[in-house]
Amino acid sequence: MTSILLRAVLVQIVACLLATLASWLLTALWPYWLVTQAAFAVGLSWALRLPRWWLVIHAGFLPLAVQALQWQLDPVWYLLAFLLAWLLFGAVYKNRVPLYLSNQRALQRLDGLIAPGARVVDLGAGVGTALSYLGRRQDIAVTGVEHAWVPWLLARLRLLLQGRKVGLLRSDLMQVDLGQFDVVYAFLSPAIMPGLWQKVRKEMQPGSLLVSNSFEVPGVTPTQVITLDDWRHSSLFVWRIE
Ligand SMILES: C[S@@+](CC[C@H](N)C(=O)[O-])C[C@H]1O[C@@H](n2cnc3c(N)ncnc32)[C@H](O)[C@@H]1O
């Protein structure tokens with residue numbers, strides 16, 4: 001991730017230099033310096049093969065920053081916005097796992113994979129959607145792990161109000177010993193899957209299941225793929241640990 005951030009900063013700086021050079025060579029461009037900078041930034045981002053969403057960020061970054069400066073907002077607002085984002089999404093810049101929720105179809109199919117007596121963990125529990133669903137079952141033990149404060153708090157409240165007997169840790173999922181669970185459910189992001197797989201191989205017991213909603217482990221064939229009949233045509237990828 002650091003290298004992506006470094007590349008992003010580099011793209012912005014080089015785009016500023018190129019836009020200045022272009023406007024110097026072609027003076028008619030000066031009034032359009034910001035647009036030229038944005039165009040160079042998008043081009044460089046594309047050439048460096050940064051993930052596609054960076055193209056949008058680079059297109060808007062400097063024009064929006066200049067606009068925001070013109071509003072002359074108190075810097076406290078920027079600090080508050082940063083704090084709010086951190087409380088909501090945690091260290092998303094580090095692991096690139098945003099907050100979105102499992103749908104009913106995914107949860108029904110996940111439920112069907114869990115044998116009575118199983119110990120289940122939802123890695124990155126969000127606002128407790130999967131925990132609440134699975135927590136209806138009396139024959140399994142359900143735990144969630146969430147590191148962002150606001151989703152964790154909302155999940156806590158939700159489970160409390162519903163009277164669900166579900167454990168919920170506020171922790172980094174990478175710190176949790178997966179050896180304690182028979183089924184590990186993860187709805188995370190492509191970025192984290194290779195690291196998670198290494199942890200799974202090290203810690204999970206033979207016979208236990210890793211179920212990943214939507215995201216595959218690169219180069220590792222799942223034992224089973226369950227296609228979900230939802231609008232995203234997503235799948236549950238299941239690995240039985242050997
Ligand atoms: C895509 S949401 C999934 C929410 C929930 N599992 C569901 O299926 O509805 C991923 C969640 O993982 C959390 N998360 C991301 N990285 C994490 C980490 N390293 N440790 C714990 N939680 C994490 C995010 O804050 C987010 O709430």
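Side chains included, hydrogens not; waters and symmetry mates left out as well; all remaining heavy atoms used. Keep in mind that what you see is a predicted model, and the values were worked out from it rather than measured. For the single chain, residues carry numbers from 1 onward in sequence order. Counting convention: from 1, in listed order, for ligands and their atoms alike.
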Exercise for the section: Would you mind reporting whether Leu110 and Leu134 have side-chain heavy atoms less than 4.5 Å apart? Expected result: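 Answer yes - side chains close enough.
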Handout entry: Check: Leu101 and Asn103 side chains under 4.5 Å, non-hydrogen atoms
Key =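 No, every pair of side-chain atoms sits at 4.5 Å or beyond.
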Exercise for the section: Would you please determine whether Ser189 falls within less than 4.0 Å of ligand 1 on a heavy-atom basis? Expected result: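 No; Ser189 lies far enough from ligand 1 that no heavy-atom distance drops under 4.0 Å.
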Exercise for the section: Would you check whether Met174 reaches within less than 4.0 Å of ligand 1, judged by its heavy atoms? Expected result: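 Heavy atoms of Met174 never come under 4.0 Å of ligand 1.
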Practice task
Mark yes when over 12 heavy atoms from residues, nucleotides or ligands other than Arg109 sit less than 6.0 Å from its CZ; otherwise mark no.
Solution key: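 No, not enclosed.
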With a cut-off of 4.0 Å, which atoms of ligand 1 are near a heavy atom of [X]?
{"X": "Asp172", "result": "18 (C), 19 (N), 20 (N)"}
{"X": "Gly126", "result": "4 (C), 27 (O)"}
{"X": "Ser171", "result": "20 (N), 21 (C)"}

Between [X] and ligand 1, which residue portion shows a heavy-atom distance shorter than 4.0 Å: side chain, backbone, both, or neither?
{"X": "Thr129", "result": "side chain"}
{"X": "Asp122", "result": "side chain"}
{"X": "Ala125", "result": "backbone"}

Handout entry: Polar atom proximity, Phe187 to ligand 1 (N or O, under 3.5 Å)
Key =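 No; every N/O pair is 3.5 Å or more apart.
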Problem - Any N/O pair Ala130/ligand 1 closer than 3.5 Å - result: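 In this structure, Ala130 places no N or O atom under 3.5 Å from an N or O of ligand 1.
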Exercise for the section: Output the distance between atom CH2 (Trp54) and atom CG (Leu44), rounded to the nearest 0.5 Å. Expected result: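 One finds 14.0 Å between CH2 of Trp54 and CG of Leu44.
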Problem - Any donor-acceptor N/O pair, Lys199 side chain to Pro194 backbone, under 3.5 Å - result: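 Not at all, since once roles are kept as given, no pair shorter than 3.5 Å links the two residues.
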Practice task
Hey, can you tell me if Trp152 and Trp149 have their rings parallel, tilted or perpendicular (30° and 60° cut-offs)?
Solution key: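 Answer is perpendicular, since the angle exceeds 60°.
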Kindly list each side-chain donor-acceptor pair under 3.5 angstrom involving residues 32-39, sequence neighbours excluded, with atom names and distances?
unit_1 : atom_1 : unit_2 : atom_2 : d
Trp33  : NE1    : Thr20  : OG1    : 3.2
Thr36  : OG1    : Tyr32  : O      : 2.7
Gln37  : NE2    : Gln12  : O      : 3.4
Gln37  : NE2    : Gln12  : OE1    : 2.9

